[in-house]
Amino acid sequence: MKKWVKGLASLTILGVVLAGCGNAAKPENTGGAGNAPKGEATKLVISTWGFSADFFNKELYEPFEKEHNVKIVVEAGNNADRLNKVKTGGSAVDLIYLSDYYAQQGIEAGLFEKIDRSRIPNLKDIYEVAQAPLGEDFGPAYTIGQLGIAYNPEELGGKEIKSWSDLWSPELSKKLTIPNITSTSGPMILDAASRVAGNKDFNEDQAMAKLKELSPSVVKYYDKTSDFVNMFTQGEIAAGPIMEMYVKDLKTAVPGTKFVTPSEGAYAIMNTVNIVKGSKNKELAEDFINWHLSQEFQEKSAKAKIDSPVNMKVTLSAEEAEGITYGADTILKLIKLDMKSVNENLKNWIDRFNREITQ
């Protein structure tokens with residue numbers, strides 16, 4: 001199998017030196033408030049997740065509605081259901097927010113419009129890895145999170161976790177959870193297992209064998225992050241791979257929780273935004289993408305611990321950055337999977353995972 005993981009370390013960070021300059025600017029857009037259309041508001045339908053709805057309504061949607069004379073209608077749900085709804089024509093969605101894994105499926109199904117990058121000037125201010133994660137024709141990532149390892153030191157008898165290989169330590173036996181292969185981060189754990197087995201390039205057979213070796217230590221293969229949080233809170237598990245953004249929930253229940261970026265590298269989890277093919281509001285949708293990428297909103301979102309910022313002009317204190325995937329030193333070292341290759345191989349991986357590991 002061809003190599004399907006691309007490192008981020010070689011990405012340029014042109015513009016990152018601007019991070020400390022000045023205060024947050026107003027979102028760039030294609031016209032000021034005085035140029036907003038008059039009369040009946042245009043309806044813009046956005047398909048997204050349902051979390052932090054009050055924050056997004058106040059800080060993202062309402063200001064854009066006022067600036068552009070728009071009425072935003074939100075359709076909320078999980079990745080799979082919302083993508084399927086667009087596939088079947090069950091909704092008049094203009095913009096859809098998806099993880100990069102599901103967005104790649106949308107691209108392959110021909111569901112998205114090609115964006116006009118000249119209409120999204122804030123793209124120049126975001127990390128290169130976020131500008132076109134799935135190709136120049138399609139939408140950017142508006143946030144990048146990292147998948148690392150969280151653990152409760154008190155439950156591991158002083159064992160310190162530093163590496164993906166530490167998941168195989170005897171101290172974690174019957175205290176571990178890992179993502180199911182069908183979850184967004186499932187393929188990342190498969191890649192991590194290949195690396196632990198000593199491979200620079202992905203080796204499917206050795207990855208499966210390594211995960212089979214780990215299986216007796218696993219309490220549950222979790223599908224939802226809420227399952228991890230609940231098990232961790234109740235003491236059913238003491239460690240496992242999780243996105244950094246959820247560590248604050250773990251610390252609420254277990255203040256001593258630690259989160260580590262493994263020595264081999266954490267994995268990039270990117271959420272993207274795309275324009276649905278056939279949208280009658282393509283230019284308005286591009287204006288909205290530009291709005292979401294602005295320094296002002298990205299900074300508000302980061303400080304509220306909602307999303308990690310991709311805008312390089314965002315500056316955070318150490319306290320504000322806690323629990324947030326922030327800064328070039330972190331982002332440029334993340335491991336990014338090739339989502340096209342993941343989609344091509346996932347059916348086989350799921351079959352092997354179910355037959356060889358979870359049976």
Side-chain angles (χ1 to χ4, degrees), residues 5 145-199 202-269 323 325 333-335 337 349-350 352-359:
V5 179
Q146 68 167 321
L147 182 81
I149 302 171
Y151 69 104
N152 181 351
E154 293 184 4
E155 294 294 323
L156 298 184
K159 171 67 178 178
E160 188 176 1
I161 294 179
K162 298 180 179 180
S163 163
W164 287 112
S165 63
D166 288 328
L167 297 179
W168 278 257
S169 300
E171 290 90 344
L172 274 65
S173 179
K174 304 299 182 182
K175 298 179 180 179
L176 179 66
T177 186
I178 66 171
N180 199 331
I181 189 64
T182 56
S183 69
T184 301
S185 52
M188 299 172 189
I189 300 306
L190 192 62
D191 181 70
S194 176
R195 290 171 183 265
V196 172
N199 299 290
F202 178 69
N203 185 302
E204 178 181 319
D205 291 338
Q206 292 187 27
M208 290 292 177
K210 203 67 184 173
L211 287 181
K212 185 175 182 179
E213 179 186 323
L214 184 65
S215 187
S217 292
V218 177
V219 175
K220 180 180 180 179
Y221 296 94
Y222 74 92
D223 293 295
K224 298 182 294 184
T225 304
S226 58
D227 293 337
F228 186 117
V229 174
N230 290 336
M231 289 188 292
F232 195 85
T233 299
Q234 295 168 13
E236 296 175 29
I237 61 166
I242 192 171
M243 284 185 65
E244 185 178 19
M245 66 179 291
Y246 296 106
V247 174
K248 63 180 183 296
D249 298 322
L250 302 181
K251 287 189 173 183
T252 298
V254 183
T257 299
K258 290 188 176 181
F259 177 84
V260 296
T261 298
S263 57
E264 305 92 337
Y267 288 85
I269 296 180
T325 304
K333 293 178 182 177
L334 297 178
I335 302 167
L337 301 191
W349 293 341
I350 292 172
R352 289 194 65 178
F353 190 87
N354 291 335
R355 283 189 293 106
E356 301 174 24
I357 297 169
T358 63
Q359 65 176 357

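No experiment lies behind these values; they were computed from the predicted model shown.
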inquiry  = Quick one, Thr182 with Phe353, criterion side-chain contact (heavy atoms from CB on, under 4.5 Å). Give me CA distance, side-chain angles, the key distance, then yes/no.
reply    = CA-CA 10 Å; Thr182 56; Phe353 190 87; over 6 Å; no
How close do [X] and [Y] get, heavy atom to heavy atom, and via which atoms?
X: Phe228; Y: Tyr222; answer: CD1-CE2, 3.6 Å
X: Ile269; Y: Met188; answer: CG1-CE, 3.5 Å
X: Leu147; Y: Ala266; answer: O-CB, 3.3 Å
X: Ser163; Y: Ser263; answer: CB-OG, 3.6 Å
X: Glu264; Y: Trp164; answer: OE1-N, 3.0 Å
X: Thr177; Y: Val218; answer: CA-CG1, 4.4 Å

ask   = Quick one: do the Asp191 and Tyr267 side chains pair a donor with an acceptor below 3.5 Å?
value = yes
inquiry  = Assess, by modelled atom type and distance only, whether the side chains of Tyr221 and Ser183 contain a donor and an acceptor separated by less than 3.5 Å.
reply    = no
I'd like to check [X] versus [Y] (side-chain heavy atoms, cut-off strictly below 4.5 Å). Are they in contact?
X: Pro153; Y: Lys258; value: yes
X: Lys162; Y: Pro262; value: no
X: Met208; Y: Leu190; value: yes
X: Leu167; Y: Leu176; value: yes
X: Asn354; Y: Ile350; value: yes
X: Tyr151; Y: Glu160; value: yes
X: Leu214; Y: Ile357; value: no

May I ask you to decide if [Y]'s main-chain N or O and [X]'s side chain share a donor-acceptor pair within less than 3.5 Å?
X: Thr257; Y: Val254; result: yes
X: Asn199; Y: Arg195; result: no
X: Ser194; Y: Asn203; result: yes

request  = Would you mind listing every salt bridge (Lys or Arg N to Asp or Glu O under 4.0 Å) that reaches into residues 220-231, with sequence neighbours excluded?
outcome  = Lys220-Asp227
message = Does Val219 form a side-chain contact (heavy atoms from CB on, under 4.5 Å) with Lys175? I'd like the steps, not just the answer.
response = CA-CA 6 Å; Val219 175; Lys175 298 179 180 179; 5.7 Å; no
ask   = Quick one: do Asp205 and Arg352 make a salt bridge, cutoff under 4.0 Å?
value = yes
ask   = Tell me the ring-ring contact (aromatic ring centres under 6.0 Å, His included) pairs involving residues 166-199, sequence neighbours left out?
value = none
Less than 3.5 Å apart, which donor and acceptor atoms pair up between the side chains of residues 236-253 and the rest of the protein, not counting sequence neighbours?
unit_1 : atom_1 : unit_2 : atom_2 : d
Glu244 : OE1    : Gln146 : NE2    : 2.9
Glu244 : OE1    : Thr325 : OG1    : 2.9
Lys248 : NZ     : Met245 : O      : 2.9
Lys251 : NZ     : Glu322 : OE2    : 3.3
Thr252 : OG1    : Lys248 : O      : 2.9

ask   = How long is the span from the OG atom in Ser169 to the CG atom in Leu156, to the nearest 0.5 Å?
value = 9.0 Å
ask   = When rounded to the nearest 0.5 angstrom, what is the spacing between CG in Leu334 and OG1 in Thr261?
value = 7.5 Å
inquiry  = Other residues, nucleotides and ligands only: do more than 12 of their heavy atoms fall within 6.0 Å of CD on Glu154?
reply    = no
